[in-house]
Amino acid sequence: MFDLVIKGGTIVTAADTYRADIGITGGSIAALGTGLEGNDSIDATGKLVLPGGIEAHCHIAQESATGGMTADDYRSGSISAAFGGNSCFVPFAAQHRGMGVTETLDLYDSRAEGASVIDYGYHLIVADPTEKVLTEELPAAFARGVTSFKVFMTYDLMKIDDRQFLDILTVAKENGALTMVHAENSGMIAWISDRLVKAGHTQPRYHAPSHPALAESEAINRAISLAKLVDAALLIVHVSTPEGAALVQGARLAGNKIFGETCAQYLFLTRDDLDRPGMEGAKFMCSPPLRDVATQEALWRHLQAGTFSVFSSDHAPYRFDDSGKLAKGPDASFKQIANGMPGIGLRLPLLFSEGVNAGRITLQQFAALSASNAAKLYGLTKKGSIAIGMDADIAIWDPEETRKVTVEDQHDNMDYTPFDGWTVKGWPVTVMTRGQRIVEGGELKAEPGYGQYVARERIDLTGIPGHRAVELDPDTNFGARIMPETKA
Ligand code: DUC
Ligand code: ZN
Ligand code: ZN
C-alpha cells in the first residue's frame, strides 16, 4: 500500500507519454505501474500527469536597488505559482552594494521560511563583488546550495564591469556554479533615454525605443565572449530579440557552455501594449522591453529548435498604484517606473494553450520547458521528472479545460494582469509538492511553511566541449597559470 496513488492518468515526461498509475510514499515516487493501491488516491482518468512546474525566474520579496519592494512575498508568490502548475520555484536573493552575500542569503531565508507553500531555492544576484565576496562568500553561498549567480550589465546601482564579470565567472567555474546575466548595453540605454526625456518623450511607450535590440545583442555578444575567455557556464536570461537568440544558438552549436532563457511576455505581448492610453502602458514595462510580432515568431522558432533551455515568467510584480508602478507620481517618466510585470500563475497555462494546444510544441517539449530543463540546469536533482525515487512533484492537467483570464482569478498580490481577457485551453487542476496536495479543485490545500528550502547541486556540463582560449592555457601561453582548477 502506498500513501497515495494517482490512478488512470496519462504520464507525460520530457521523454515519453504513457499510461500508468503512480505510487507515492514518503513524498517520493515509489512505483509506476498498473493496478497500484494506496491509502489515498486521485483519479486522473482523462488527465495528463506532468512533472510539477519549476518557475526559475521570478522576483519575490525583493527590493530594487532604489528601495521599491515587489508586491508578492513568499506566501502569495508561492501560492500564485502553485495555482499556475508549479511545485517549486527559484526566486532571486539580491545583494545590493554595501551588503554581504551571507547577509543577503540570511535575509531571504528569513523571508521564505514559514511562508512558502512550495519548495524553493534562490539564485543570488551579485552587485558588489568585493574581494571577500569573491574569495569567501560566493564559495560559502555555493556550499549552502545556492549554485547560480546573476549579474547585471545595466542599471547604475547593479551593473558590474567586464573585469568584475570575469572574476565572477571564474569563481563560478571553480565551484561548479552557473552565472546568469541580464545582458543589455548600459551606455546605449542611458544615451537614448536622456535624449528622449529631454525632447519630452516621457510616456511609457518610449521605454521600447530606449532599449534598442542592438543594446541586447551587443551585450549578449560581449557576455558570451567573456564566458568563452574563461570557459565558464553562462545563461543569458530573458532573451528578447532574434539577434540575441541567434547568438545563443551559435555559441551552443560551437560547443560553448552557453544557455538561453526567454520569457512568456516576449512570446505573447508586443510593444503596442506599451502604447496604451495614459499611463496604462506602464503595466507592460519590463526590461528588456516587449518587441514586435516578427520577434515573437522568431522566438517561437528558437523555442521549438532548442535554443532556449528555460522558459520563465520573470514575474516582477509592481502594482499599478503608488506602491509600485506609480511610486514616482502619476506622470512619472518611463525612466522612473519600476520594470517588470506579473505572470507567475500564467506562464504554464499560456505555454500549454499557445504551445501544446495550438500545435507549436510537443508535450515532451512542454515537460522539458516547464520543469525538466530547469531541474537539470539548476541542480534540482530530485525534481523535474516522473521517475522512481524522485520527489512527487506533480501537476495534473486537464488538457480541455478552458479559462478566461481575469485579475480576480489570480492568486498574487497584484491589481492587474497583462493577460487580462485572454482565453487559455488546458489547466493544472491538481498540483503537489513532495506528495502533498498544494492545489486541488481550485482550492489551496497546503499551509504556508510547507515548502522547504532545496539546496541545489553543481551544474552538470557533461558532453559540452567548452572553449579553449590559447592565451589562458599554460600549454600555449608560455606556462602562465591564470585560471584556478575547478573543484571536484
Ligand atoms: N530584469 C529582470 O530579470 N527582471 C525584471 C527587470 C529586470 O531588469
Ligand atoms: Zn534582468
Ligand atoms: Zn527578472
Side-chain angles (χ1 to χ4, degrees), residues 54-72 77 80-81 89-96 108 121-127 148-160 165 168 178-186 188-190 193 204 207-208 210-212 215-217 219-220 222-223 234-241 244 248 259-266 269 274 282-291 308 310-319 324-325 327 334-344 347 374 378 412 414 418:
I54 299 173
E55 170 63 81
H57 186 154
C58 52
H59 303 270
I60 305 294
Q62 183 187 326
E63 297 93 355
S64 70
T66 48
M69 188 57 145
T70 56
D72 281 309
S80 186
F89 67 163
V90 189
F92 291 93
Q95 180 207 25
H96 294 296
Y108 279 83
Y122 325 106
H123 310 289
L124 178 71
I125 289 175
V126 185
S148 42
F149 313 144
K150 182 181 178 190
V151 298
F152 287 84
M153 297 170 83
T154 186
Y155 296 125
D156 288 344
L157 295 173
M158 301 298 284
K159 70 181 178 197
I160 52 157
F165 199 162
I168 293 167
L178 172 68
T179 304
M180 306 158 75
V181 64
H182 178 130
E184 286 189 288
N185 179 300
S186 178
M188 286 187 197
I189 294 168
S193 298
H207 178 64
S210 73
H211 288 246
E216 179 171 281
S217 53
I220 291 180
R222 183 157 37 105
L234 179 67
L235 168 70
I236 320 292
V237 298
H238 49 48
V239 175
S240 70
T241 57
V248 171
F259 303 90
E261 173 203 71
T262 194
C263 302
Q265 55 267 40
Y266 304 116
L269 304 171
L274 280 166
K283 294 178 178 176
F284 298 86
M285 279 181 60
C286 57
S287 283
L290 303 175
R291 312 285 182 184
F308 298 120
V310 211
F311 172 80
S312 305
S313 72
D314 196 0
H315 181 76
Y318 300 103
R319 291 169 64 92
K325 292 281 183 184
F334 69 85
K335 280 179 71 176
Q336 299 171 300
I337 297 172
N339 266 310
M341 61 175 78
I344 199 166
R347 167 186 79 115
Y378 294 121
D412 55 19
M414 288 297 292

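Just so you know, ligand 1 is whichever comes first in the structure, and atom 1 is the first atom listed for that ligand.
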His57: numbered ligand 1 atoms lying under 4.0 Å from its heavy atoms: 2 (C), 3 (O)
With rounding to 10 degrees, what does the angle His238:NE2 / the Zn ion (ligand 2) / Lys150:NZ come to? 120°
His182: which N/O/S atom is nearest the Zn ion (ligand 2)? ND1
Asn339 N/O under 3.5 Å from ligand 1 N/O: no
So the atoms of ligand 1 within less than 4.0 Å of a heavy atom of His238 turn out to be 1 (N), 2 (C), 3 (O)
Counting backbone and side-chain atoms alike, does Phe152 have an N/O/S atom under 2.8 Å from the Zn ion (ligand 2)? no
His211 and Glu184: side-chain donor and acceptor closer than 3.5 Å? yes
Do the side-chain N and O atoms of Glu261 and His57 include a donor-acceptor pair separated by under 3.5 angstrom? yes
How far apart are the closest heavy atoms of Tyr318 and Gly324, and which atoms are they? CB-CA, 4.1 Å
Answer with yes or no whether Tyr155 contacts ligand 1, where contact means a heavy atom under 4.0 Å from a ligand atom. yes
Heavy atom under 4.0 Å from ligand 1: found in Met180's side chain, backbone, both, or neither? neither
Top protein contact for atom 3 (O) of ligand 1, by heavy-atom distance: Lys150 NZ, 2.7 Å
To check your reading of the model: name the closest protein heavy atom to atom 1 (N) of ligand 1, its residue, and the distance in Å. His182 ND1, 3.3 Å
Given the Zn ion (ligand 3) as the apex, I'd like the angle to NE2 of His59 and OD1 of Asp314, rounded to 10 degrees. 100°
Mutual orientation of the aromatic rings belonging to Phe92 and His123 [parallel < 30°, tilted 30-60°, perpendicular > 60°]: tilted
Which residue is it: Arg291, Met188, His182? I am looking for the one with a side-chain contact (heavy atoms from CB on, under 4.5 Å) to Glu216. Arg291
Under 3.5 Å, is there a donor on one side chain and an acceptor on the other for Asp72 and His59? no
Lys159 and Ser186 side chains, donor-acceptor separation under 3.5 Å: yes
Over all heavy atoms of both residues, which pair between Gly244 and Val239 is shortest? Give the atoms and the distance, please. C-CG1, 3.8 Å
Val237 near ligand 1, heavy-atom distance under 4.0 Å? no
